[in-house]
Amino acid sequence: MQEKLVLAYSGGLDTSVAIPWLKEKGYDVTAVVLDVGQHGKDLDFIKEKALLVGAEKSILLDTKAEFAQDYVVPVIQGNLQYEGEYPLVSALSRPLIIKKLVEIAHEIGATTIAHGSTGHGNDQVRFEAAIHAFDPELKIEAPIRDFQWSREEEIAYAEAHNVPIPVGEESPYSIDENIWGRAIEAGILENPWHEAPEEAYTLTQSIENAPDEPEFTTLTFEAGVPVAVDGEMMPLPAIINHVNDIAGKHGIGRIDHIENRLVGIKSREIYEAPAAKVMMTAHKDLEDLTLEKDVAHFKPFVEQQLANLVYDAKWVSPLFDALQSFVKQTQQVVNGDVKMKLFKGNAIAVARQSATNSLYDEDLATYTASSSFDQASAVGFIKLWTLGNTVFEQVNHVHSETGMSNG
Ligand code: ARG
């Protein structure tokens with residue numbers, strides 16, 4: 001009997017030639033297409049294409065809601081941006097893809113999982129780290145990494161095995177997409193001294209062509225998660241799509257990042273993540289209003305560590321779970337509304353309120369005479385606050401004049 005294999009199938013040339021190649025190796029191939037909110041892709045067609053090029057079975061799963069709830073939410077609540085720039089678009093989908101593939105492998109009794117990553121990127125590590133975590137017994141095939149084929153060799157193999165080669169329409173870039181954004185690499189982008197051509201972008205307008213009038217939109221958060229736009233409650237995937245549309249129109253969310261890959265290579269990456277930019281700016285602003293100072297000052301350390309873990313293939317790890325518990329705890333008070341101004345590539349928080357959790361007390365903060373803040377109590381506070389420095393200066397005279405303080 002043939003061994004069963006489950007392949008993460010995207011419909012592109014790489015994973016399509018992988019199918020006859022894996023069959024020649026003796027596997028019975030089940031292709032799995034995951035809908036994580038890829039923009040403008042005909043996933044039913046892709047599902048059929050897998051059968052056309054030789055898969056025994058092809059499965060299409062709609063995982064948009066699960067992806068948004070279990071993978072995007074931690075990024076919003078944690079303000080996660082790798083190296084302060086990248087909202088982890090592709091890194092996020094990998095553990096979910098593997099979770100689903102492992103479930104299917106168990107259902108159909110497959111021994112092996114295959115993915116289409118190359119040998120010089122992060123995704124191979126993310127896929128395989130997740131496989132090892134979910135089921136260390138499963139075997140792994142990585143045909144694209146094994147081939148090391150030139151484009152010509154790949155096309156020759158495709159022709160010999162009746163794999164359709166997309167003519168003309170194939171993008172000069174390597175693209176990965178989901179509801180949270182779009183990652184574009186390769187081609188001319190590999191020259192970091194070359195501005196990314198306009199054609200690389202599909203979700204965002206150029207700043208030049210963005211409207212000359214700003215647009216305002218209000219996001220409502222419950223426990224750090226967006227639940228409504230301009231007062232209308234919507235499921236999270238719908239909110240993300242809606243904000244992607246309006247923010248993209250205003251040229252928001254283009255990212256041009258010289259990135260440190262986990263495999264040690266520096267790479268030039270272009271991303272489009274309009275909703276991510278707007279939502280995370282709004283979320284951070286609401287945290288400024290609702291988080292107590294010590295929590296607000298400590299959380300960024302956790303955030304940076306979490307962003308690195310997600311990027312570096314440690315989504316499934318005990319440290320991730322522990323830090324995630326910290327973030328969840330902090331989010332209980334992050335409730336309220338943030339009004340965002342969208343204009344010419346900028347997403348600016350211009351107003352915020354929280355009926356239940358605002359720590360901002362106008363009565364304490366005001367400069368007017370009506371303030372309830374006791375100014376007299378500041379005098380003694382400042383003496384004690386600076387006592388250590390005062391004693392140090394009296395002894396060492398690093399900044400003070402010897403004559404004055406020696407007296
Ligand atoms: N460099 C990004 C990451 O590692 C994006 C990779 C996306 N893959 C692609 N084929 N464009 O998360």
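In listed order, ligands and their atoms are each counted from 1. No experiment lies behind these values; they were computed from the predicted model shown.
- Heavy atoms of Tyr82 found under 4.0 angstrom from ligand 1: none, in either backbone or side chain.
- Within the 4.0 Å heavy-atom criterion, the part of Glu259 lying near ligand 1 is the side chain and not the backbone.
- Cation-pi geometry between Arg352 and Phe221 is not satisfied (NZ or CZ under 6.0 Å from the ring centre, within 45° of the ring normal).
- Within the structure, the closest approach of Tyr86 to ligand 1 falls below 4.0 Å when heavy atoms are considered.
- Residues Ala210 and Gln205 approach most closely at N-CG, 3.7 Å, considering heavy atoms.
- For atom 10 (N) of ligand 1, the closest non-hydrogen atom of the protein is Ser174 OG, 2.7 Å.
- Both the backbone and the side chain of Asp176 come within contact range of ligand 1, each with a heavy atom under 4.0 Å.
- Aromatic ring pairs are classed by plane angle as parallel below 30°, tilted from 30° to 60° and perpendicular above 60°; the pair His257 and Tyr271 is tilted.
- Residue Ala183 approaches ligand 1 through these ligand atoms, each under 4.0 Å from one of its heavy atoms: 5 (C), 7 (C), 11 (N).
- Ile258 places a side-chain heavy atom less than 4.5 Å from the side chain of Pro192.
- Residue contact check: Tyr271 has heavy atoms under 4.0 Å from atoms 1 (N), 2 (C), 5 (C) of ligand 1.
- The N/O atoms of Asn122, backbone and side chain alike, include one that comes under 3.5 Å of an N/O atom in ligand 1.
- Summarising the geometry of Asp176 relative to Ser90, their closest heavy-atom pair is OD2-OG, 2.7 Å, with the distance given to 0.1 Å.
- The neighbour count for Glu199 CD, taken as heavy atoms of other residues, nucleotides or ligands under 6.0 Å away, is above 12.
- The closest protein non-hydrogen atom to atom 7 (C) of ligand 1 is Ser90 OG, 3.3 Å.
- Heavy-atom proximity to Asp123, at under 4.0 Å, picks out these atoms of ligand 1: 6 (C), 7 (C), 8 (N).
- Here the CG atom belonging to Leu359 is positioned 11.0 Å from the CG atom belonging to Leu364, to the nearest 0.5 angstrom.
- Under a 4.0 Å heavy-atom criterion, Arg126 is in contact with ligand 1.
- In this pair, His115 and Phe127 present their aromatic rings parallel. The plane angle is below 30°, not in the 30 to 60° band.
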